[in-house]
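Reminder, nothing fancy here: chain letters follow the sequence lines and each chain counts from 1.
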2 protein chains.
Amino acid sequence: MPANLDEIDHHLLDLLQQDSGRTLAELGDLVGLSPSAVQRRVERYRASGLVRREVAVVDPSAALLAVCLVTLDHESPEEHARFREWVLAAPEVQQLYNVSGDHDYVVVLATTGMPHHRRVADRVLKSAPGLRRYSTMFVLDPVWTSLTVPTRDA
Amino acid sequence: MPANLDEIDHHLLDLLQQDSGRTLAELGDLVGLSPSAVQRRVERYRASGLVRREVAVVDPSAALLAVCLVTLDHESPEEHARFREWVLAAPEVQQLYNVSGDHDYVVVLATTGMPHHRRVADRVLKSAPGLRRYSTMFVLDPVWTSLTVPTRDA
DNA sequence: GCCGATCACGCAATAATCTCGCGTGCCCGC
DNA sequence: GCGGGCACGCGAGATTATTGCGTGATCGGC
């Protein structure tokens, strides 16, 4: 996974993170390369794991999102592993972060509505192994969502 | 934006949210349709806004993520609007949710490292209009990240 | 300072994929 | 029972992706 990224790489990765539906020719025009050169760079990102995959982004306002702050009973690695495995088994878990501070995990749940959310919260969180307690913040408005990551300082 | 989605639509949307790099023929095999039928359905999702766009997902472990809980001074719509506009202007803001509960917003920041994070936090949050206080949870491990949304109950 | 190796590039031919018009069958309302 | 509207599969044509080849630049060793 070579971190040897030049200016064009940064530009390309920005463009791909915004919209990967563009053709190689379009990308080439935007960054000043031929289509084949673009193709070879993009293939390199994929092979190195820098670019994991391409996904379609579904309008999040069609769903009910909830941000849950989770605290576990103990700090043992085994307990963390069990908890992760348990939570990841649920497809409604959109994001799972191990975080520093008062809580151990931040879990983002995406469901079709409150009934669905209750079922998922009961099944996934309430009965999760090693869970001490959790609190839920319901998302009133998903103002902005992305998975964009900066490849260099702005 | 017709919510008239049949079983094949749900299946297709699941597949596209997992990996939109597949060819129309592959998708057709997986859902039992011809490539052209798949193409027409996918085009409908895009036209209706159900599918917003396609993006490349960059490995998040290459970045420093931070989940910030923000409380504003007042509840006025104008203040919320100003705050949103201010925060959204920063490209390092990966996600911005207006939430219920003790805090007003959840902000996910993605930066290249702690120096970058400090600059962004100072510029984007500390000096945000109407901000009363915020707390930061640093992401130790981005166990799972996606923008996947369920289109029906599981 | 020169030479060879390596790498990324552009170009062009080929292969793969997408796009779209057409004809057919199904379902629903009349 | 009889149209009308839809979504389908098929297939031709256009667009796009892929790959081999030759060239120029850069770098390290001699």
Pairs under 3.5 Å (N/O, protein and nucleotides 9-11 of chain D):
from	atom 1	to	atom 2	distance (Å)
dG9(D)	OP1	Ser34(B)	N	3.3
dG9(D)	OP2	Ser34(B)	N	2.9
dG9(D)	OP2	Ser34(B)	OG	2.5
dG9(D)	N7	Arg40(B)	NH2	3.2
dG9(D)	O6	Arg40(B)	NH2	3.0
dC10(D)	N4	Ser36(B)	OG	3.0

Taking N or O atoms only and anything under 3.5 Å, show me the protein contacts with nucleotides 23-28 of chain D, one pair per line.
none

Which pairs, protein N/O on one side and nucleotides 14-17 of chain D N/O on the other, fall under 3.5 Å?
from	atom 1	to	atom 2	distance (Å)
dA17(D)	OP2	Leu24(A)	N	2.9

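For residues 60-73 of chain A, every residue pair satisfying the side chain to side chain donor-acceptor pair (under 3.5 Å) rule, not counting sequence neighbours, is listed here: Asp59(A)-Ser61(A). Every pair passing ring-ring contact (aromatic ring centres under 6.0 Å, His included) that includes a residue from residues 129-154 of chain B is listed here, sequence neighbours excluded: His117(B)-Phe138(B).
Listed by chain and number, the residues in a side-chain contact (heavy atoms from CB on, under 4.5 Å) with Thr148(B) are Gln17(B), Ser146(B) (sequence neighbours excluded). Here Ala81(B) pairs with nothing under the side-chain contact (heavy atoms from CB on, under 4.5 Å) rule; sequence neighbours left out. Listed by chain and number, the residues in a side chain to side chain donor-acceptor pair (under 3.5 Å) with Arg152(A) are Glu7(A) (sequence neighbours excluded). With sequence neighbours left out, Asp102(A) forms a side-chain contact (heavy atoms from CB on, under 4.5 Å) with no residue at all.
For the atom pair CG of Asp14(B) and CG of Leu30(B), the computed distance is 11.5 Å after rounding to the nearest 0.5 Å. Between atom CG of residue Leu96(A) and atom CG of residue Asp141(B) there is a gap of 8.5 Å, rounded to the nearest 0.5 Å. Atoms NE2 and CG, from His11(A) and Leu5(A) in turn, are 14.0 Å apart once rounded to the nearest 0.5 Å. To the nearest 0.5 Å, atoms CG (Leu15(A)) and CD1 (Ile8(A)) are separated by 11.5 Å.
On the nucleic acid side, DNA chain C has its first and last nucleotide under 4.0 Å of a heavy atom of chain A at dA8(C) to dC11(C), going 5' to 3'.
Bending across the helix from dG1(C)-dC30(D) to dC30(C)-dG1(D), expressed as the angle between its end axes from five pairs apiece, amounts to 30° (10° rounding).
Taking 4.0 Å as the cut-off between side-chain N and carboxylate O, Glu92(A) and Arg119(A) do not count as a salt-bridged pair. Using a 4.0 Å cut-off between a side-chain N of Lys or Arg and a carboxylate O of Asp or Glu, Glu43(A) and Arg46(A) qualify as a salt bridge.
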Next on the checklist: Does Thr136(B) form a side chain to side chain contact (heavy atoms under 4.5 Å, CB included) with Val67(B)? I'd like the steps, not just the answer.
Outcome noted: CA-CA 6 Å; Thr136(B) 303; Val67(B) 180; over 6 Å; no
Checklist entry - Does the side chain to side chain contact (heavy atoms under 4.5 Å, CB included) test come out yes or no for Leu69(A) and Leu69(B), once each step is laid out? => result CA-CA 11 Å; Leu69(A) 306 179; Leu69(B) 306 179; 4.1 Å; yes
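The distance between atom CG of Asp6(B) and atom C1' of dC6(D), rounded to the nearest whole Å, is 13 Å.
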What pairs of donor and acceptor atoms, side-chain ones from residues 103-114 of chain A against any protein atom, are under 3.5 angstrom apart with sequence neighbours left out?
from	atom 1	to	atom 2	distance (Å)
Asp104(A)	OD2	Leu72(A)	N	2.7
Tyr105(A)	OH	His80(A)	ND1	2.7
Tyr105(A)	OH	Arg84(A)	NE	2.9
Thr111(A)	OG1	Leu64(A)	O	3.3
Thr112(A)	OG1	His116(A)	ND1	3.2
Thr112(A)	OG1	Asp153(B)	OD1	2.4

